[in-house]
Amino acid sequence: GAVVSQHPSWVICKSGTSVKIECRSLDFQATTMFWYRQFPKQSLMLMATSNEGSKATYEQGVEKDKFLINHASLTLSTLTVTSAHPEDSSFYICSAFPPGGKETQYFGPGTRLLVL
Amino acid sequence: KNEVEQSPQNLTAQEGEFITINCSYSVGISALHWLQQHPGGGIVSLFMLSSGKKKHGRLIATINIQEKHSSLHITASHPRDSAVYICAVRLGSYGKLTFGQGTILTVHP
């Protein structure tokens, strides 16, 4: 079945630094990928939609200059948390659709970010 | 009020019991997903429904579009079924999902 990977699986960084998270579709091409954030004991919240070859679409309340998304190829989207602060500590998950329809979303394993 | 409401929020069962988790939504949807999230965080898509009923092993998912309601059933529950089960709805063909708050299921041996 389709597989989506994320790297790194966890990261600890100092406040003020930037962190890049990669989301890859391993055996299919994805023109659209989604980035979600999940705080402890809460459900997932969509942050942005990553579109290959064009600008990402951000959800209301998500700062596009803070959460930079690049979808440079059909198998890779990256989320960069710029100037990270402790309140950015969260679980970040991506998902993608295989081509040919929007039947099933495949989710990455997630990246746990801790900002000290 | 959330667009997607799940019940119960927490569910404890003994191994072997039949389990039902409910999901109600308030808007028209193109599809509904049931997801499973294990303690490590990884999410697995269990079902995608737009009508009727689907079955996979011990899992059964149903949806009633007119009543805007879906249920996830687990037959002969097992401790390995312990996880968070999340209902998510898709509002168009675009793929963007809106999530319920999740149901924490614990199955005791």
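Letters A, B, ... are given to chains in the order of the sequence lines, protein chains preceding strands, and every chain is numbered from 1. Being a predicted model, the structure only gives us computed values, none of them experimental.
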**Request:** Using the side-chain contact (heavy atoms from CB on, under 4.5 Å) rule, take B:Ile86 and A:Leu44 through it: C-alpha gap first, then chi angles, then the decisive distance, then the call.
**Result:** CA-CA 9 Å; B:Ile86 303 169; A:Leu44 289 86; 3.7 Å; yes

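Note that CZ of A:Phe107 and NE2 of B:His33 are 7.5 Å apart. Values are rounded to the nearest 0.5 Å. Interatomic distance, CD of A:Glu59 versus NZ of B:Lys96, reported as 3.5 Å (0.5 Å rounding). To the nearest 0.5 Å, the span separating CD on A:Gln38 from CZ on B:Phe99 amounts to 9.0 Å.
Contacts between A:Gln6 and chain B at a heavy-atom distance below 4.5 Å are absent for every atom of the residue. Only the side chain of B:Leu35 comes within contact range of chain A, with at least one heavy atom under 4.5 Å from a heavy atom of that chain. For a residue to count as touching a neighbouring chain, one of its non-hydrogen atoms must lie under 4.5 Å from one of that chain's; by this rule A:Ile93 touches chain B with the side chain only. Both the backbone and the side chain of B:Ile43 come within less than 4.5 Å of a heavy atom of chain A.
Membership of the apolar cluster around A:Ile21 extends to A:Val11, A:Val19, A:Trp35, A:Met47, A:Tyr58, A:Val62, A:Phe67, A:Ile69, A:Leu79, A:Val81, A:Tyr92, A:Leu113, A:Val115, as traced through chained side-chain contacts below 4.5 Å between ILVMFWY residues.
A chain of hydrophobic side-chain contacts below 4.5 Å, direct or via other Ile, Leu, Val, Met, Phe, Trp or Tyr residues, connects B:Val89 to B:Leu46. Put simply, A:Met33 and A:Val4 are part of two different groups of oily side chains (I, L, V, M, F, W, Y) that touch within less than 4.5 Å, one to the next.
The main-chain N or O of A:Tyr106 is never found under 3.5 Å from a side-chain atom of B:Ser45 such that the two would form a donor-acceptor pair.
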Could you give the side-chain donor-acceptor pairs of residues 13-25 of chain B under 3.5 Å, partners two or more places apart or in another chain?
{"residue": "B:Gln14", "atom": "NE2", "partner": "B:Pro109", "partner atom": "O", "Å": "3.4"}
{"residue": "B:Glu17", "atom": "OE1", "partner": "B:Gln14", "partner atom": "N", "Å": "3.3"}
{"residue": "B:Thr20", "atom": "OG1", "partner": "B:His73", "partner atom": "ND1", "Å": "2.8"}
{"residue": "B:Asn22", "atom": "OD1", "partner": "B:His69", "partner atom": "NE2", "Å": "3.4"}
{"residue": "B:Asn22", "atom": "OD1", "partner": "B:Ser71", "partner atom": "OG", "Å": "2.8"}

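With a 6.0 Å radius and a threshold of 12 heavy atoms from other residues, nucleotides or ligands, A:Glu87 has its CD atom above the threshold. No more than 12 heavy-atom neighbours from other residues, nucleotides or ligands sit within 6.0 angstrom of NE2 on A:His7. In this structure, A:Lys66 places its NZ atom where more than 12 heavy-atom neighbours from other residues, nucleotides or ligands lie under 6.0 Å away.
The two atoms that bring A:Ser43 and B:Gln101 nearest to each other are CB-CA, 3.8 Å, heavy atoms only.
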